[in-house]
Amino acid sequence: MNSTPLKSESLVLRNPKIIGNSSDPTEKYDLVYSIPYLAAYDVVGHQLQVARPRNHKVAIPQEQFELTSRSLRVQNQTIGYRQALPTAHLTIQFTQIKNYRDLFSYIEDNERLKRLAALAEEADKCFDSEAWTAYCVMATGVIEGILGSFYGGKKTRYATLLKTAYQSKIISAQDYYILDKLCESEALIHVSNHDIPLTTKRTASAVNRVYWRVIRTDWNSEV
């Protein structure tokens, strides 16, 4: 009997809520990080590190944090005066994404949510199958659907949505450059465009990193 191979993802979590008296730098309190998309994953294992000043990461024992389907609570933390709140680095091992809808908790329109979930599932299958061009076509659909939910209507073009997100500082200049190249991916399905090279693994991998950052953005608080 073949067991399902495990996948691994590293999640960077910022801007936790403070539970306790944060005005006293000597007092311990809890940090709560929101991870609404975690419910989508069939998680079977996890490890946690918290970044301290000068990018020094400290492993947190499992008895000092609680992971639920939508949040992470790190217990009994202390913080120095004027020190920035720590960034959490959560690594999860999972068998599958069990419900793609849970990746998009910020989407209120049910029909749009249904289509986004279907496209995201297709994108995963394409990436796992190393169908790089097909993956980029699906990824474009997902990103366009997310941006369109916050920056435009049904007829707003992908390039316009992308530019608005960049001008709003939701995506970086580097991410904008990578996502702007996705405009070419849909043209690749037309044989008459045979002069345009098909998508490479390197390009698809770069797109994949930005794709997941877009999906995991807390859009309700960013927009």
Side-chain angles (χ1 to χ4, degrees), residues 4-17 32-46 48 66-73 88 90-158 161-162 164-165 168 170-171 175 178-179 182 185-186 204-205 207-223:
T4 304
L6 293 181
K7 298 181 179 181
S8 179
E9 286 278 357
S10 295
L11 311 177
V12 180
L13 312 174
R14 297 184 175 88
N15 303 319
K17 290 184 179 179
V32 179
Y33 298 84
S34 176
I35 326 173
Y37 52 82
L38 192 62
Y41 295 86
D42 187 11
V43 178
V44 297
H46 53 269
L48 177 66
E66 178 186 5
L67 186 66
T68 70
S69 62
R70 295 188 180 275
S71 67
L72 166 70
R73 184 169 185 142
L90 177 68
T91 301
I92 59 171
Q93 291 80 41
F94 61 99
T95 57
Q96 63 179 336
I97 296 179
K98 58 187 178 181
N99 189 343
Y100 281 83
R101 289 192 181 201
D102 284 332
L103 292 173
F104 309 100
S105 61
Y106 42 78
I107 300 296
E108 296 180 353
D109 184 284
N110 190 57
E111 292 305 312
R112 181 180 287 263
L113 175 60
K114 225 173 6 177
R115 179 56 62 90
L116 277 170
L119 290 176
E121 186 171 5
E122 285 292 316
D124 262 9
K125 291 176 181 177
C126 291
F127 194 86
D128 290 345
S129 300
E130 300 186 1
W132 309 126
T133 299
Y135 164 73
C136 285
V137 172
M138 294 297 105
T140 303
V142 173
I143 293 169
E144 183 178 34
I146 294 172
L147 297 181
S149 297
F150 297 96
Y151 292 124
K154 290 183 178 180
K155 296 184 179 180
T156 306
R157 297 179 59 188
Y158 171 76
L161 295 170
L162 194 60
T164 303
S168 302
I170 298 296
I171 59 175
D175 289 355
I178 292 172
L179 296 180
L182 284 179
S185 62
E186 292 185 357
S205 296
V207 168
N208 191 54
R209 288 189 291 272
V210 182
Y211 168 82
W212 283 108
R213 279 202 292 274
V214 171
I215 288 178
R216 291 168 181 161
T217 294
D218 185 0
W219 288 96
N220 286 327
S221 58
E222 291 286 351
V223 178

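For reference, positions follow the sequence shown, starting with 1.
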#### Entry: Closest non-hydrogen atom pair, Ser8 against Thr91
OG-CG2, 3.6 Å

### Task
Measure the OG1-CE distance between Thr133 and Met138 for me, rounded to the nearest 0.5 Å.
11.5 Å

### Side chain to side chain, Thr156 and Leu147, heavy atoms closer than 4.5 Å
no

### Separation of Ile35 CD1 from Asp218 CG (nearest 0.5 Å)
12.0 Å

### Query
Under a 4.5 Å cut-off applied to non-hydrogen side-chain atoms, are Ile215 and Tyr37 in contact?
no

## Note on the structure
OG (Ser69) and CG (Asn99) are apart, to the nearest 0.5 Å, by 11.5 Å

### Over 12 non-hydrogen atoms of neighbours within 6.0 angstrom of NZ in Lys114
no

### Task
Would you mind checking if Lys7 and Asp128 are paired as a salt bridge, meaning a charged N to carboxylate O distance below 4.0 Å?
yes

### Query
side chain to side chain contact (heavy atoms under 4.5 Å, CB included) between Leu11 and Trp212: does it pass, once the steps are laid out?
CA-CA 10 Å; Leu11 311 177; Trp212 283 108; over 6 Å; no

### Query
Is Arg70 atom CZ crowded by more than 12 heavy atoms from other residues, nucleotides or ligands, each under 6.0 Å away?
yes

### Task
Identify the heavy atoms of Tyr100 and Ala117 that sit nearest to each other, and give their distance.
CB-O, 3.6 Å

### Message
Under a 3.5 Å distance rule, please check whether Arg112 uses its side chain to pair with a backbone N or O of Gly145 as donor and acceptor.
### Response
yes

### Query
Say you draw a straight line from CD1 of Ile170 to CG of Leu162; how long is it, rounded to the nearest 0.5 Å?
12.0 Å

### Query
What heavy-atom pair brings Ala39 and Lys98 nearest, and what distance separates the two atoms?
O-CE, 3.2 Å

### Message
A side-chain contact here means heavy atoms from C-beta on lying under 4.5 Å apart; do Leu179 and Tyr158 qualify?
### Response
yes

### Query
Measuring from Ser34:OG to Lys17:NZ, what's the distance to the nearest 0.5 Å?
7.5 Å

### Query
In terms of ring plane angle, is the pair Phe150 and Tyr106 parallel, tilted or perpendicular, where the classes change at 30° and 60°?
tilted

### Steps toward side chain to side chain contact (heavy atoms under 4.5 Å, CB included) verdict (Tyr41, Leu103)
CA-CA 9 Å; Tyr41 295 86; Leu103 292 173; 4.1 Å; yes

### Task
Evaluate the criterion side chain to side chain contact (heavy atoms under 4.5 Å, CB included) for residue pair Ile146 and Thr217; output intermediate values, then yes/no.
CA-CA 10 Å; Ile146 294 172; Thr217 294; over 6 Å; no

### Query
Can you tell if the side chain of Tyr135 reaches within under 4.5 Å of the side chain of Val207, non-hydrogen atoms only?
yes

### Query
Can you find a pair of side-chain heavy atoms, one from Ile143 and one from Val210, that are under 4.5 Å apart?
no

### Task
Report the C-alpha separation of Leu72 and Leu38 in whole Å, then their side-chain angles, then the decisive distance to 0.1 Å, and conclude whether the side chain to side chain contact (heavy atoms under 4.5 Å, CB included) test is met.
CA-CA 10 Å; Leu72 166 70; Leu38 192 62; over 6 Å; no

### Query
For the residue pair Leu161 and Glu144, what are the closest heavy atoms and their distance?
CD1-O, 3.7 Å

### Task
Count the heavy atoms belonging to other residues, nucleotides or ligands that lie under 6.0 Å from CZ of Arg101, then report whether that count exceeds 12.
yes

#### Entry: Smallest separation among heavy atoms of Trp132 and Ala204, with atom names
CE3-CB, 3.5 Å

### Trp219 side chain vs Ser105 backbone, donor-acceptor pair below 3.5 Å
no

### Message
Quick check: closest heavy atoms across Gly141 and Leu116, and the distance to 0.1 Å?
### Response
O-CD2, 4.4 Å

